[in-house]
Each structure stands twice: as structure tokens, then as C-alpha cells.
Amino acid sequence: MHAVVVGGGIVGLASAYSLRRHGVEVTVLEQGRIGHGSTPRAGGAIREQFSTDVSVALSRESVAVWRDFADRFDVDIDYRRNGYLFLARTEATAAAVRDVVAFLKDRGVPSRYVEGDDLGDHFPGLRTDQFTGGAYSPADGYADTERALQGYALAAAREGAAIHLGRRVTDVLRRDGRVIGVDTDDGTLEADVVVNAAGAWAARVGALAGVDLPIRPERRQLAVVEPDRAVIADAPFVAELDSGTFVRPAEKVAYVGGHFDGTDSGSESGTAEADPDAYDRGYDVPWAETALSRAQEVSAVFGPDSSITGGWAGLYAMTPDHHPIVEEVVPGFVVAAGFSGHGFMQAPATGQVVAELVADGAASTVDVSRLTLDRFERGVTLSETLYSA
Ligand SMILES: Cc1cc2nc3c(=O)[nH]c(=O)nc-3n(C[C@H](O)[C@H](O)[C@H](O)COP(=O)(O)OP(=O)(O)OC[C@H]3O[C@@H](n4cnc5c(N)ncnc54)[C@H](O)[C@@H]3O)c2cc1C
């Protein structure tokens with residue numbers, strides 16, 4: 001059996017690796033180079049704190065891989081299990097957080113509710129007077145996205161996947177309702193299965209196969225901030241639920257982001273969102289200044305001498321319910337896209353599920369029956385309470 005994987009991001013490469021482990025011949029087609037898409041532009045958060053079973057399961061199965069990544073793939077991804085702290089400003093948000101903590105407790109995720117006054121135990125300089133409470137899990141954390149991408153690229157190649165860079169899929173070929181291959185800007189390839197792992201481009205690739213996917217590119221930014229107190233390298237990822245502000249500690253700096261007031265930029269980026277090839281990969285200075293001032297509201301480590309030292313933008317692949325589509329949507333066409341800001345952390349399990357769908361005809365690692373495309377038509381969409389970064 002031969003599978004063509006469209007997209008050499010973390011989802012496509014994890015899928016290629018797992019497909020090879022299932023004995024499937026694999027060709028990955030990537031229009032750019034490794035890292036052309038969103039993966040290296042992500043914040044790298046890895047968490048099990050979600051409010052739906054399928055997200056918890058995808059993350060949990062992925063964490064099992066992230067944990068052993070260095071041994072398994074011989075690449076150090078700087079995985080720091082420093083925890084993940086969600087912050088609630090209002091009592092209504094805090095009540096919703098408490099419900100999720102109870103849900104997670106039933107599923108064995110070590111998330112706990114933290115009262116406002118105690119939040120400072122979990123993040124240095126936290127302005128406890130600003131928050132009613134929060135949820136903290138010590139099992140969550142973050143990793144280096146570029147190293148992880150590199151690790152999967154090497155592992156997939158080592159397992160025998162052919163990886164073609166600079167080769168764009170221009171059509172998905174069908175016969176009698178079944179996908180039989182792809183056209184590319186460098187010739188045709190036959191395939192028994194085509195995997196759409198094209199991230200923010202997934203709707204375009206879906207359209208080539210005659211499938212309408214509700215996956216929209218949305219530009220999101222990160223600012224690199226040098227705090228005036230460099231004490232946060234071992235601190236948790238922190239995300240504020242009411243405003244969307246998040247802080248991802250790193251060596252000497254922090255990545256700060258958020259989609260404030262429903263937008264993520266000082267300028268309207270409608271055209272960029274319409275065309276994933278044309279979006280601006282730079283960051284907006286006014287947006288970064290807002291991000292820094294929001295971070296200053298979260299923690300005193302971002303004192304008045306903190307400075308913005310850089311930043312970038314990438315694309316979220318958004319679905320209407322912030323959950324991906326993982327399904328063989330027509331015979332021979334498997335979609336693994338629409339991760340809405342969670343695709344880095346959930347890529348290892350997604351790769352396994354893709355391989356199972358292709359090789360076994362059904363997923364066994366995670367029950368992905370809630371991630372079908374028809375949920376949008378049938379009105380049985382999912383809902384995530386812990387939605388921030
Ligand atoms: C600012 C920001 C912060 C984020 N933070 C986090 C986080 O903390 N944790 C987390 O889990 N996720 C985060 N994400 C989301 C994460 O980046 C994505 O969910 C993840 O990278 C998706 O991986 P992917 O492989 O699906 O997509 P990508 O990495 O975008 O790869 C898709 C690839 O498909 C290729 N492609 C597209 N069309 C074609 C074609 N026709 N032919 C050939 N190749 C094609 C593209 O060139 C691209 O390389 C963040 C994203 C952004 C932008």
C-alpha cells in the first residue's frame with residue numbers, strides 16, 4: 001500500500017513515521033522546506049487540560065511519546081514539564097474552570113483548582129489580586145517545536161519514508177469515487193491513500209479532492225519579551241482565559257501572545273487569512289506592545305524595563321468548534337487537520353491514528369469518532385472550555 005502525505009509539518013511527518021511503522025509505503029510532499037508551515041512558529045505548549053474526552057485522549061497519548069522522544073528518536077526536544085496554569089479573572093470563568101478540573105480528575109489528569117491567593121505559588125510575580133482562581137497541572141509543559149519537527153523528519157526518513165521538498169500537490173485524482181493519486185508541480189504520483197496534513201492549507205487541499213472542509217487560516221502572533229527579572233525559565237506555561245493572554249517561559253526570555261478583543265493584530269489581516277500563502281509572517285509592533293502590557297498585568301516579572309526583542313506570526317488552522325477533523329472523509333482521502341492551535345502537542349497521537357485509519361481501517365489509539373467532518377452538518381459539534389493558546 002502506498003500513502004501520499006500532503007504536508008511536511010509535524011502532523012504530516014508524525015503520520016509518515018507511524019505509517020512506515022505500520023508497513024505502509026510513504027511519500028511526503030511538502031511545497032516548501034521543512035518548517036514552511038506553522039509548526040516552528042508555535043508556542044510549544046503540551047497539555048492534557050482540556051474539557052473534551054477526545055482532546056484529553058489525543059494529548060495524553062501524545063505526551064506518552066513526547067516523554068520518551070529523546071530515547072526513541074535521539075533528538076532532545078527540550079521538553080520541560082513545568083506545568084500549565086490557566087487563570088480566571090471572573091467568578092463565572094472560575095466556576096467553569098472548577099467544572100473542568102472535576103471532569104479531568106475523573107479521567108486521571110492531575111489538574112487542580114487553585115484559589116486566587118495561592119496562584120503566586122505557581123508563577124513568579126503573579127498578580128494574585130487580578131485573578132479569582134485557576135487550574136494547574138504539573139504534568140503539562142512545553143517543548144521546542146523546531147527540534148520536534150526535525151526529530152520526526154529524521155525518524156520518518158530513517159523508517160523509509162520518501163520526503164520530497166519543494167513539491168506542491170496541485171490536484172487530487174479520483175476514479176469511481178476513490179482517490180487514486182495526486183498531481184504535483186513535478187508530475188503525477190499514484191497512491192492508495194492521500195493524507196491531507198496541510199494545516200492552514202487543508203481546505204485548499206480538500207477542495208482538490210472535492211471535499212469542503214471548514215478549516216480557516218487565522219493569523220496569530222508571538223512576541224519575544226525580555227523580562228526585567230529573568231526568573232521564569234522553570235515556570236509553567238500560563239494562559240489567561242478571559243483575555244487570551246499567554247506567557248511561555250524560555251531561557252532568559254518569554255514568548256508572549258494572545259488574540260486580544262477577538263483579533264490578533266493591530267491591523268486587520270483579512271486578506272492574509274484568506275490566503276495562507278500571502279500572510280505576513282512578521283509581527284505588528286502595536287500588537288506586541290499590547291501583549292507586553294497584558295503580560296505585565298499577569299506577572300510582576302514583566303517590570304517597566306522589560307523589552308520586546310522580536311516576534312513572528314503563524315497560522316492557526318481553525319475549525320468552527322476548535323477541534324480537528326481526523327477521518328477518512330472519502331475513500332482513500334484521510335484528513336488530519338484543523339487543530340485550531342493544538343496541533344503541535346497532539347501530533348504524535350494523531351500520526352498513530354492516521355496510520356491506524358490507513359492500515360487497519362479504524363483508529364484504536366484514540367477514539368476519534370467525534371472528529372468526523374459531518375459533525376458540523378449534523379450539529380453535534382464539540383465545545384472546549386479551556387480555550388486560550
Ligand atoms: C502563534 C502560534 C502559536 C501556537 N502555539 C501552539 C502551542 O503552544 N501548542 C500547540 O500544540 N500548537 C500551537 N500552535 C498550533 C500549531 O502550530 C499547529 O497546530 C501545528 O503546527 C499544525 O501542524 P501541521 O503539520 O498540521 O501544519 P503545518 O506545520 O502548517 O504544516 C503543513 C504543511 O503543509 C504544507 N502544504 C500545504 N499545502 C500543500 C500542498 N498543496 N502541497 C504540498 N505541501 C503543502 C505547508 O507548506 C506546510 O509545511 C500555534 C500556532 C501559532 C501560529
Side-chain angles (χ1 to χ4, degrees), residues 4-16 27-47 50 55 58-59 62 66 84 140-143 145-146 148-149 152-153 163-172 182-186 189 194-209 215 217-223 237 239 246-248 255-259 264 276-277 279 281 283 291 311-319 322 324-326 335-348 350-351 354 388-389:
V4 161
V5 176
V6 188
I10 195 93
V11 173
L13 291 168
S15 300
T27 307
V28 178
L29 300 177
E30 166 53 52
Q31 64 185 356
R33 304 282 162 214
I34 298 297
H36 182 80
S38 293
T39 302
R41 318 185 82 74
I46 297 172
R47 62 176 161 105
F50 283 96
S55 288
L58 278 174
S59 282
S62 296
W66 292 129
Y84 195 119
D140 293 344
Y142 41 88
T145 57
E146 292 199 68
L149 188 61
Y152 264 124
I163 301 175
H164 298 200
L165 302 180
R167 191 168 180 191
R168 184 181 194 123
V169 171
T170 54
D171 204 359
V172 177
V182 293
D183 266 345
T184 75
D185 51 9
D186 190 23
L189 270 181
V194 172
V195 178
N196 179 356
W201 291 260
R204 287 190 171 184
V205 174
L208 300 177
I215 299 175
E218 211 175 276
R219 182 170 175 269
R220 293 294 175 94
Q221 303 179 73
L222 281 183
F237 198 109
F246 65 86
V247 174
R248 194 278 214 194
Y255 304 145
V256 176
H259 45 109
D264 190 27
D277 288 318
Y279 81 98
R281 291 171 170 231
Y283 69 102
W312 60 80
L315 295 172
Y316 271 24
M318 293 292 275
T319 64
H322 300 169
I325 296 160
V326 183
V335 176
F339 285 86
S340 310
H342 310 128
F344 169 70
M345 66 181 90
Q346 296 178 341
T350 302
V354 165
S388 175

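Note that ligands are numbered from 1 as they come in the structure, with each ligand's atoms numbered from 1 the same way.
The shortest N/O to N/O separation between A42 and ligand 1 does not fall below 3.5 Å. By the 3.5 Å distance cut-off applied to N or O atoms, E30 is counted among the residues near ligand 1. Remark: ligand 1 and Q31 share an N or O pair separated by less than 3.5 Å (distance only, no angle test). Considering backbone and side-chain atoms together, R168 places no N or O closer than 3.5 Å to any N or O of ligand 1. In terms of polar-atom proximity, defined here as any N/O pair under 3.5 Å, G341 does make such a contact with ligand 1.
Under the 3.5 Å distance criterion, with hydrogens and angles disregarded, no donor-acceptor pair is assigned to the side chains of Q346 and S62.
Among A337, G166, A197, the residue whose heavy atom lies closest to atom 32 (C) of ligand 1 is A197. Nearest to atom 30 (O) of ligand 1 by heavy-atom distance, out of A45, S38, G199, is S38. In this comparison of F344, Y316, W201, the heavy atom closest to atom 38 (N) of ligand 1 sits on W201. The nearest non-hydrogen atom to atom 26 (O) of ligand 1, considering only T350, V11, V169, V5, comes from V11.
Side-chain contact check for T350 versus L58: some heavy-atom pair is nearer than 4.5 Å.
Taking a cutoff of 4.0 Å between a charged side-chain nitrogen and a carboxylate oxygen, D277 and R204 qualify as a salt bridge.
S55 is linked by a side chain to side chain donor-acceptor pair (under 3.5 Å) to T52, H323, counting only residues two or more places apart in sequence or in another chain. In terms of the side chain to side chain contact (heavy atoms under 4.5 Å, CB included) criterion, residue partners of A143 (sequence neighbours excluded) are, by chain and number, I46, I77, Y79, F344.
Heavy atoms of R167 come nearer than 4.0 angstrom to ligand 1 in at least one pair. In this structure, G44 has a heavy atom closer than 4.0 Å to ligand 1.
Judged by distance alone, with hydrogens and angles left aside, the side-chain atoms of T39 form a donor-acceptor pair with the main-chain N or O of I10 at under 3.5 Å.
Both the backbone and the side chain of M345 come within contact range of ligand 1, each with a heavy atom under 4.0 Å.
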